[in-house]
4 protein chains.
Amino acid sequence: MNSLCDLDKKDLTNRLKRIEGQVRGIQRMIEEDKYCVDILHQVGAIQGGLKKVALKILDKHVHGCVQRAVKNEEGDAVIDELMEVLAKFTD
Amino acid sequence: MNSLCDLDKKDLTNRLKRIEGQVRGIQRMIEEDKYCVDILHQVGAIQGGLKKVALKILDKHVHGCVQRAVKNEEGDAVIDELMEVLAKFTD
Amino acid sequence: MNSLCDLDKKDLTNRLKRIEGQVRGIQRMIEEDKYCVDILHQVGAIQGGLKKVALKILDKHVHGCVQRAVKNEEGDAVIDELMEVLAKFTD
Amino acid sequence: MNSLCDLDKKDLTNRLKRIEGQVRGIQRMIEEDKYCVDILHQVGAIQGGLKKVALKILDKHVHGCVQRAVKNEEGDAVIDELMEVLAKFTD
């Protein structure tokens, strides 16, 4: 199934490139014996960045795919699928 | 300040390399218009991986740096610093 | 605005009564100087219970109110409202 | 085992009484068919309140019990126990 969600590819790609760089940065911090509390703060920053990515995708998914499915009388299945992924993210 | 936490560098580096690959994988999924719910599940997997990295660093930090600081009568400052980072992670 | 979400009132009320009892239980544990790690585990149990309550309400809300709004061409506003509450819960 | 954590009982009890009232308030909202998004925001407020309670207990536990255990050369066991409860809360 292809995405019908009309994601803002450019914005998401920029965010993910930044996150990728931060993950590499943590590897370097570990290599260079940086203070572990500073490393933990960096891990927290990445988690914040990923959360924003998730919310942005979610927003497009609900406004796009979910609405379209509801209008095609296929809402319940798509919403069940949505709830499953939400249960994971509210962990 | 240098890390005195005795991190398991090899294990952490492997985990972070895997996470880095997953972040690149998400960029590819977005580029290739993959279904956004599948992308969201991948984001969730990365967050799980990062959480494990954080807990492993935290474990070494408390067993290592914090214990050492307490024995040197410098526990309170290090514990305040720990609580600050924990407040972030329990978000 | 009244709920059109068709919540399972009996199930939710039972869950909330149990949570209320657990909150009172923690007050008692504190009063009786119980071990703080045991208290923390109880707080964690309540948070798990509340999360389930939230997911159950969310499920009915999306299947009910959101679907109805979409069919009435009022989906976007209700979805924006939904995303706002989700941003809070993924904290 | 008794708490040696020197909790601020009065502050915690006040917070928990407020949370207990909020849990009862949600039961009333459900009974009175209040709008489910408003109910969800209330659930989120309780979770925020509980998180604060947890962090306050955690703070006293680490400054108190954990420090004392470390000084008595019993740090590792108490820290393992701490890490277990932290793994739960970072969920």
Side-chain angles (χ1 to χ4, degrees), chain A residues 1-10 12-13 15-51 53-55 57-58 60-62 64-66 78 81-82 84-89 91, chain B residues 1-10 12-13 15-51 53-55 57-58 60-62 64-66 78 81-82 84-89 91:
Chain A
M1 185 169 181
N2 263 32
S3 170
L4 306 156
C5 287
D6 187 29
L7 298 178
D8 182 344
K9 288 187 181 189
K10 204 180 153 185
L12 288 172
T13 303
R15 288 175 184 276
L16 287 162
K17 275 193 193 312
R18 201 175 320 134
I19 289 169
E20 196 192 324
Q22 288 173 307
V23 175
R24 263 197 305 272
I26 292 182
Q27 292 172 57
R28 218 161 27 235
M29 290 175 89
I30 289 171
E31 198 45 55
E32 296 172 357
D33 294 317
K34 293 292 188 240
Y35 184 42
C36 39
V37 172
D38 294 337
I39 302 176
L40 284 169
H41 278 290
Q42 265 306 99
V43 177
I46 297 179
Q47 287 182 319
L50 277 172
K51 189 193 146 179
V53 165
L55 284 173
I57 297 174
L58 206 51
K60 292 289 188 180
H61 177 60
V62 183
C65 311
V66 174
V78 168
E81 184 193 60
L82 171 70
E84 213 181 294
V85 80
L86 285 182
K88 225 174 170 178
F89 275 98
D91 249 1
Chain B
M1 185 171 181
N2 264 31
S3 170
L4 306 156
C5 287
D6 188 29
L7 299 178
D8 183 343
K9 288 186 182 189
K10 203 178 154 186
L12 288 172
T13 302
R15 288 175 184 276
L16 287 162
K17 276 193 193 312
R18 200 176 320 134
I19 289 168
E20 197 192 322
Q22 287 173 307
V23 175
R24 262 197 305 272
I26 291 182
Q27 292 172 56
R28 216 161 28 236
M29 290 175 88
I30 289 172
E31 199 45 56
E32 297 172 356
D33 293 316
K34 293 292 189 240
Y35 185 42
C36 39
V37 172
D38 294 337
I39 302 176
L40 285 169
H41 278 289
Q42 265 305 101
V43 176
I46 297 179
Q47 287 182 319
L50 277 172
K51 189 192 146 180
V53 165
L55 284 172
I57 296 175
L58 206 52
K60 291 289 188 179
H61 177 60
V62 183
C65 310
V66 174
V78 169
E81 183 192 60
L82 171 70
E84 214 182 295
V85 80
L86 285 182
K88 225 172 167 178
F89 275 98
D91 249 359

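Note that these values count all heavy atoms, side chains included, but never hydrogens, waters or copies made by symmetry. Each chain gets a letter, A, B and so on, in the order its sequence line appears, and its residues count up from 1.
- Shortest non-hydrogen contact noted between B:L50 and A:V43 is O-CG1, 3.9 Å.
- To the nearest 0.5 Å, atoms CD (B:Q27) and CG (A:L12) are separated by 10.0 Å.
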Note to self: side chain to side chain contact (heavy atoms under 4.5 Å, CB included), that's the test. Do A:L7 and B:I39 meet it? Break it down for me.
What the structure shows: CA-CA 11 Å; A:L7 298 178; B:I39 302 176; 4.0 Å; yes

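- Among B:I19, B:I46, B:V53, the one residue that satisfies the side-chain contact (heavy atoms from CB on, under 4.5 Å) test with A:V23 is B:I19.
- Using a 4.5 Å cut-off between heavy atoms, B:Q22 does not touch chain A at all.
- Shown here are the salt bridge (Lys or Arg N to Asp or Glu O under 4.0 Å) partners of A:K9, two or more places apart in sequence or in another chain: B:D33.
- Between atom CD1 of residue A:I57 and atom CE of residue B:M29 there is a gap of 9.0 Å, rounded to the nearest 0.5 Å.
- Note that the CG atom of A:D38 and the CD atom of B:E81 stand 7.5 Å from one another [nearest 0.5 Å].
- Residue B:A54 comes nearest to A:L40 through the heavy atom pair O-CD2, 3.5 Å, listed as atom of the first residue, atom of the second, then distance.
- Distance check: A:Q47 CD to B:K88 NZ gives 10.0 Å after rounding to the nearest 0.5 Å.
- The candidate with the highest count of non-hydrogen atom pairs below 4.5 Å against chain B, out of A:T13, A:V78, A:I30, is A:I30.
- Using a 4.5 Å cut-off between heavy atoms, A:L58 touches chain B through backbone and side chain atoms alike.
- Minimum interatomic distance between A:C65 and B:Y35 (heavy atoms only, all atoms of both residues): SG-CE1, 4.4 Å.
- Residue B:I26 holds its CD1 atom at 14.0 Å from CZ of A:R15, rounded to the nearest 0.5 Å.
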